[in-house]
Amino acid sequence: MQISSILDYIDNGHMALPEFQRGYVWGREQVRGLFQSLYRGHPVGSLLVWATDASTATHRGDGKLAPGVVKLLLDGQQRITSLHGVIRGKPPRFFDGNAKAFTDLRFNLASEDFEFYQPIKMRDDPLWIDVTEVMQKGNAGIGAFLTTLSQNPENLPKIGEYVGRLNQLLGIRDKAFHIEEVTGADKTLDVVVDIFNRVNSGGTKLSKGDLALAKICADWPEARGTMKTSIARWRSEGYDFTIDWLLRSVNTVLTGEAKFLYLHSQGADEIASALKRAVKHIDTALNMIGGRLGLDHDRVLFSKFAVPVMVRYLDSKGGHLDAETRDKLLFWFVQTGMWGRFSGSVESFIDKDLGILEQSGGNLDKLIGELRLAQGGLRVEPGHFHSWSVGARFYPVLYMLTRMTEARDWGTGLPLKNNLLGKMSRLEVHHIFPRARLYEANYARAEVNALAKFCFLTKDTN
């Protein structure tokens, strides 16, 4: 099928993106390479689509599907989105990503190179033409380009070549993709996702969370957008979470299980209610962790997968804990981070901890006892701080101790506590001894960057 026809299919609702597909991730270099290959006639691969009934198809975006059979893109999203963005001058309706990746693509009529707009290099050079403008004006616009070029006598001998190259550029719209179809009544969502993962083995495979979300969106189309709203809010507050991570807490609230397969049988109303409760309890957990422990941003928020367990516990208590229970829950949270409780099989350990809470009637001592038994003790030794870099497991512990034990800022003398909320009072990491001096004294890199040599200062002092 010709590229121009594929783009018409997308605009008319005959081709779309399935709900389980992830967003647009290509960068400018990949877009430039695609157009360079198409212009030179190099192979750019085929497309794989799922032909299914539009009335039951769950697709990305707010555009309406045409009645009848719709083709859902399984393989080729990045290429087709890039082509639509450049040729149409705007992303398709299912777009979710950074539109700058395909904005302002230019083509040089002399060198036949594609590059993105650079003002100093291209502003006064008529040989650098806007690819989108050429595509939108079509053959009728070639005359205007030639008129501009003819104003410089040096271009006149090559006008014929330039016309040929403009036509070759426009010919990209007529290039054809071979399209393979997956169709048939036996092609359920599970089967199609498995096919997608096999075809997309070189890229990012869909997770079990993606499949669960796809099934949820089939009954509740607004689910993804609702979750992304909470993700965006947390990101603005300094936490970098994923939809998979949020969905894990939805699962623990609703089913008391970690595995996403338990969500498949839940209805839209139940999911919506569980999401609302999960977001509320996550906020509560983050407030406790940030306010009581001082762990107030993503880099120091270790043990993120302890949060779904905390959310389940908070939900069982109606979201309210007394001070003693709160501190015991936070003690467990810190211990899971220090000893890497969830660094292995996440689902297995979440399920184990949820089971302990269920069987013990919410006894946190049992939860802590399991951690002590698994670790062989919870005593912290000086050697634990011999590890190095801010990625070390005990880095958040050092940050927490700084925030909660009234360590003082070297510059202002103020206690470095969790109530320093001003912009210039946010803590920053600093080496006590200059690294250059330590290297001069022949200290090894691991010693120079050991956690014990870190200190925290306010932004103003640093």
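None of the values given here were measured: they were computed from a predicted structure.
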Next on the checklist: Does any part of the side chain of Glu237, heavy atoms only, come nearer than 4.5 Å to the side chain of Asp296, both counted from C-beta?
Outcome noted: no
Checklist entry - Between the side chain of Ser316 and the main-chain N/O of Tyr313, is any donor-acceptor distance below 3.5 Å? => result yes
Checklist entry - Short question: side chain of Trp26, backbone of Ala101 - any donor-acceptor pair under 3.5 Å? => result no
Checklist entry - Can you check whether Phe107 and Tyr39 have ring centres sitting under 6.0 Å from each other? => result yes
Next on the checklist: Tell me the closest heavy-atom pair linking Ser82 and Leu34, and the distance in Å.
Outcome noted: CB-CD2, 4.1 Å
Item to check | Aromatic ring pairing Phe349/Phe342, orientation class (parallel under 30°, perpendicular over 60°, tilted between) | outcome: perpendicular
Item to check | Residues Arg32 and Glu29 bridged, charged N to O under 4.0 Å | outcome: yes
Next on the checklist: I'd like to know if the side chain of Asp8 pairs up with that of His14 as donor and acceptor (distance under 3.5 Å, no hydrogens or angles considered).
Outcome noted: no
Item to check | Face-on cation placement of Arg248 at Phe260 ring, 6.0 Å and 45° thresholds | outcome: yes
Checklist entry - Nearest heavy-atom pair of Val70 and Ala16: which atoms, and what distance? => result CG2-N, 4.4 Å
Item to check | Gap between atom OH of Tyr239 and atom CG of Leu301 - 0.5 Å precision | outcome: 6.0 Å
Item to check | Exercise: identify the closest heavy-atom pair between Arg40 and Glu112 | outcome: NH2-O, 3.4 Å
Next on the checklist: Looking at Arg106 and Asp104, is there a salt bridge between them, counting it only when a charged N and a carboxylate O are closer than 4.0 Å?
Outcome noted: yes
Checklist entry - Going by atom types alone, do Tyr399 and Arg403 pair a side-chain donor with an acceptor below 3.5 Å? => result yes
Next on the checklist: Within this structure, what is the CD1-CG distance for the pair Ile80 and Leu7, rounded to the nearest 0.5 Å?
Outcome noted: 6.5 Å
Item to check | Salt-bridge criterion met for Asp298 and Arg235 (N-O under 4.0 Å) | outcome: no
Checklist entry - Has Lys352 got more than 12 heavy atoms of other residues, nucleotides or ligands less than 6.0 Å from its NZ? => result no
Checklist entry - So, Asp113 side chain and Asn108 main chain: donor-acceptor pair closer than 3.5 Å or not? => result no
Checklist entry - Does Val31 reach the side chain of Phe116, with side-chain heavy atoms less than 4.5 Å apart? => result yes
Checklist entry - Taking the side chain as C-beta and beyond, is there a heavy-atom pair between Ile129 and Leu166 under 4.5 Å? => result yes
Next on the checklist: Please determine whether a side-chain nitrogen of the Lys or Arg among Arg299 and Asp240 lies less than 4.0 Å from a carboxylate oxygen of the Asp or Glu.
Outcome noted: no
Checklist entry - Counting N and O atoms only, with roles assigned by atom type, does the side chain of Gln266 sit under 3.5 Å from a partner on the main chain of Leu263, one being a donor and the other an acceptor? => result no
Item to check | NZ/NE/NH1/NH2 to OD/OE distance under 4.0 Å, Lys280 and Asp315 | outcome: no
Show me the side-chain donor-acceptor pairs of residues 42-58 shorter than 3.5 Å, one per line, residues at least two apart or across chains.
{"residue": "Asp53", "atom": "OD1", "partner": "Ser55", "partner atom": "N", "Å": "2.8"}
{"residue": "Asp53", "atom": "OD1", "partner": "Ser55", "partner atom": "OG", "Å": "2.7"}
{"residue": "Thr56", "atom": "OG1", "partner": "Asp53", "partner atom": "O", "Å": "3.3"}

Checklist outcome for this item: Nearest heavy-atom approach of Asp11 to Arg93 is O-NH2, 3.3 Å
Next on the checklist: Determine whether a donor-acceptor pair (N or O, by modelled atom type, separation under 3.5 Å) exists between the side chain of Thr147 and the backbone of Gly143.
Outcome noted: yes
Checklist entry - Partners of Phe95 by ring pair (Phe, Tyr, Trp, His ring centres under 6.0 Å), sequence neighbours excluded? => result Tyr24, Phe102
Next on the checklist: To the closest 0.5 Å, what do you measure between CD1 (Ile231) and CD1 (Ile243)?
Outcome noted: 6.0 Å
Next on the checklist: Between the side chains of Glu115 and Lys121, is the shortest nitrogen-to-carboxylate-oxygen separation below 4.0 Å, so that they form an ion pair?
Outcome noted: yes
Item to check | Heavy-atom donor-acceptor pair, Ser273 side chain to Asp269 backbone, under 3.5 Å | outcome: no
Checklist entry - Taking the side chain from Thr132 and the backbone from Val86, do they hold a donor-acceptor pair closer than 3.5 Å? => result yes
Item to check | Side chains of Trp234 and Asp283 in contact at under 4.5 Å (non-hydrogen atoms) | outcome: yes
Checklist entry - Can you tell if the side chain of Gln118 reaches within under 4.5 Å of the side chain of Arg123, non-hydrogen atoms only? => result no
